[in-house]
Asker: 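Please read through the structure below; I'll follow up with questions.
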Amino acid sequence: MFILNAVSRNYGSIPAVRDVSCEITTDGFVFIMGPSGSGKSTLLRLLSFVEAPDQGTVRLELGGLLYDTAGSTRPWPNLTCVFQRQFLWPHLTLRDNITLPLRTSGALNIEQRLARVIDLFDMSAFVNRYPNEVSGGQAQRAALARALVLDPALILIDEAYGGLDLEQQRILNDHFLRLRQSGVGLIVVTHALDLAQAQADQVIVVEDGQIAEVGTRSVFENPTSNFLRKVLLHEAGLKP
């Protein structure tokens, strides 16, 4: 469970997240939604402990351990991340990109763990290629595989669908569902309304750097946030 208490994050004089207090589950499928520039990605970086808040605290209880932005211990590899930029090393094959964190950490059974994620993400046909030799969807699968190969309890994913066509998005959705079925918690920043409506355990709507709505997927039935109301009206072919 994440517990955020009066969290704010600024970039220079520009506030990105403002006075956010909420609880976010770590053992389900969580969707963070909102308009572009609303602070979703900043919120995810705060949850990943990649960035620290300027004010307030982020606490995380995961795997029987407690992490706090005020402390020095970070939740990796219990928590892993896939950001919009996949950060795949261009001079390494996808196979080597995936196993790099395992080799860096001195992990055992590297080949067995690699084989498991290759099978999960259907990567055997292209895992020996370089990042510039595969499609955007295949590169995204490699980034997810690299996050999963560490056996995390929780994966944070930022805008997974950027640059993917509809078929690639469908394939990625299938992989998300496989991850959830394997017991991994997912927190995903996305605009994928259909998937959120069908699968969300928790929905968090961010507007103007603040939490506008938090709830189960029942929020789609009677939303209170301006963003969700507009999106659902648009989906229904109605004017806001």
Side-chain angles (χ1 to χ4, degrees), residues 1-12 14-34 37-89 97-98 100-107 117 140 142-160 162 176 179-180 182-190 201-206 209-211 214:
M1 176 74 73
F2 280 103
I3 302 172
L4 283 70
N5 182 30
V7 169
S8 295
R9 179 74 170 107
N10 303 320
Y11 297 112
I14 301 173
V17 170
R18 301 185 294 130
D19 196 30
V20 167
S21 296
C22 66
E23 295 184 355
I24 303 174
T25 186
T26 56
D27 60 356
F29 205 164
V30 179
F31 289 78
I32 299 177
M33 311 185 78
S38 60
K40 304 184 301 295
S41 293
T42 298
L43 176 60
L44 200 76
R45 288 194 294 271
L46 292 169
L47 297 179
S48 70
F49 287 73
V50 168
E51 295 185 8
D54 296 311
Q55 296 178 329
T57 57
V58 178
R59 296 180 63 200
L60 169 61
E61 298 175 8
L62 186 66
L65 299 173
L66 177 63
Y67 306 93
D68 192 304
T69 47
S72 59
T73 303
R74 293 295 178 257
W76 185 89
N78 261 345
L79 178 154
T80 58
C81 310
V82 179
F83 293 109
Q84 289 185 54
R85 292 180 61 192
Q86 295 146 349
F87 297 106
L88 297 174
W89 292 100
N97 267 284
I98 293 167
L100 181 61
L102 291 176
R103 296 196 302 271
T104 301
S105 64
V117 296
Q140 189 72 349
L144 286 168
R146 183 178 57 187
L148 184 63
V149 79
L150 292 164
D151 292 326
L154 176 66
I155 300 178
L156 277 55
I157 304 168
D158 190 11
E159 296 289 5
F176 285 157
L179 288 177
R180 277 301 303 128
S182 72
V184 177
L186 296 175
I187 299 178
V188 181
V189 171
T190 185
D201 297 305
Q202 186 178 32
V203 178
I204 298 166
V205 179
V206 182
Q210 296 184 304
I211 303 297
V214 178

Asker: For Val206 and Val20: C-alpha separation, side-chain torsions, deciding distance, then whether side-chain contact (heavy atoms from CB on, under 4.5 Å) applies.
Answerer: CA-CA 10 Å; Val206 182; Val20 167; over 6 Å; no
Asker: Rounded to the nearest 0.5 Å, what's the gap from CG on Asp54 to OH on Tyr11? Could you check?
Answerer: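 With rounding to 0.5 Å, CG (Asp54) is 9.0 Å from OH (Tyr11).
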Asker: With sequence neighbours excluded, what pairs up with Trp89 under the ring-ring contact (aromatic ring centres under 6.0 Å, His included) test?
Answerer: His91
Asker: Using the rule side chain to side chain contact (heavy atoms under 4.5 Å, CB included), only one of Val184, Leu186, Leu62 pairs with Leu154; which is it?
Answerer: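 Per the side chain to side chain contact (heavy atoms under 4.5 Å, CB included) rule, the option paired with Leu154 is Leu62, out of Val184, Leu186, Leu62.
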Asker: What are the two closest non-hydrogen atoms of Pro77 and Leu150, and how far apart are they?
Answerer: CB-CB, 4.0 Å
Asker: Which pair of heavy atoms, one from Gly56 and one from Pro53, lies closest together, and at what distance?
Answerer: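 Of all heavy-atom pairs spanning Gly56 and Pro53, the closest is O-CG, 3.5 Å.
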Asker: Side chains of Arg45 and Ser48: is there a donor and an acceptor less than 3.5 Å apart?
Answerer: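 No donor-acceptor contact under 3.5 Å links the two side chains.
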Asker: Please answer whether the main-chain N or O of Val58 pairs with a side-chain N or O of Thr69 as donor and acceptor at a distance below 3.5 Å.
Answerer: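 Yes; judged by distance alone, with no hydrogens or angles, the pair exists.
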Asker: Going by the side chain to side chain contact (heavy atoms under 4.5 Å, CB included) test, name the single residue among Ile187, Val50, Thr26 that passes it with Leu156.
Answerer: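 It is Ile187, the one option of Ile187, Val50, Thr26 that forms the side chain to side chain contact (heavy atoms under 4.5 Å, CB included) with Leu156.
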Asker: Are Glu61 and Ile3 packed together at the side-chain level, in the sense that at least one heavy-atom pair is separated by less than 4.5 angstrom?
Answerer: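 When only atoms from C-beta onward are counted, Ile3 and Glu61 do touch, with a gap below 4.5 Å.
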Asker: Can a donor-acceptor pair be found, under 3.5 Å and without considering hydrogens, that links the side chain of Asp27 to the backbone of Gly185?
Answerer: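 No, Asp27 side chain to Gly185 backbone: no donor-acceptor pair under 3.5 Å.
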Asker: Ignoring hydrogens and geometry, is there a side-chain-to-backbone donor-acceptor pair from Ser8 to Arg18 under 3.5 Å?
Answerer: no
Asker: Grab the two heavy atoms, one from Leu88 and one from Ala142, that are nearest each other, plus how far apart they are.
Answerer: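 Heavy atoms of Leu88 and Ala142 come nearest at CD1-CB, 4.4 Å.
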Asker: Quick one: closest heavy-atom pair of Pro152 and Thr80, and the distance?
Answerer: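 Here Pro152 and Thr80 meet closest at CG-OG1, 3.5 Å.
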Asker: Where do Val30 and Phe2 land on the side-chain contact (heavy atoms from CB on, under 4.5 Å) test, with the steps shown first?
Answerer: CA-CA 12 Å; Val30 179; Phe2 280 103; over 6 Å; no
Asker: Quick one: are Val188 and Phe29 in side-chain contact, heavy atoms under 4.5 Å?
Answerer: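 When only atoms from C-beta onward are counted, Phe29 and Val188 do touch, with a gap below 4.5 Å.
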Asker: Indicate the atoms forming the closest heavy-atom contact of Ala145 with Ile98, along with that distance.
Answerer: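 In this case the closest contact between Ala145 and Ile98 is CB-CD1, 3.9 Å.
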Asker: How long is the gap from OG1 on Thr190 to CE on Met33, to the nearest 0.5 Å?
Answerer: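 One finds 6.0 Å between OG1 of Thr190 and CE of Met33.
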Asker: When rounded to the nearest 0.5 angstrom, what distance separates CD in Gln210 from CG in Leu43?
Answerer: 12.5 Å
Asker: Less than 4.5 Å apart, any side-chain heavy atom of Asn10 and any of Pro15?
Answerer: yes
Asker: What residues, two or more places apart in sequence or in another chain, satisfy side-chain contact (heavy atoms from CB on, under 4.5 Å) together with Ala52?
Answerer: none
Asker: Is Leu47 close to Ile32 at the side-chain level, that is, under 4.5 Å between some pair of heavy atoms?
Answerer: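 In short, these two side chains touch, coming nearer than 4.5 Å.
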Asker: Within the structure provided, determine whether Asp19 and Val7 are in side-chain contact (heavy-atom separation under 4.5 Å).
Answerer: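 Asp19 does not reach Val7 side chain to side chain.
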Asker: Of all the heavy-atom pairs spanning Ala16 and Thr42, show the shortest one and how long it is.
Answerer: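 Nearest pair, atom of Ala16 first, then Thr42: CB-OG1, 3.7 Å.
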Asker: Let me confirm one number: the CD1-CD distance from Ile204 to Glu23, rounded to the nearest 0.5 Å.
Answerer: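 Ile204 atom CD1 to Glu23 atom CD measures 10.5 Å (nearest 0.5 Å).
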Asker: Within the structure provided, determine whether Leu60 and Asn78 are in side-chain contact (heavy-atom separation under 4.5 Å).
Answerer: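 Result no, sub-4.5 Å side-chain heavy-atom pair not found.
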Asker: First locate atom CG of Asn5, then atom OG of Ser21, and finally report the distance between them rounded to the nearest 0.5 Å.
Answerer: 5.0 Å
Asker: Are the side chains of Leu100 and Arg146 in touch, meaning some heavy atoms are under 4.5 Å apart?
Answerer: no
Asker: Nearest 0.5 Å, what's the CD1-CG distance between Ile211 and Leu4?
Answerer: 7.5 Å
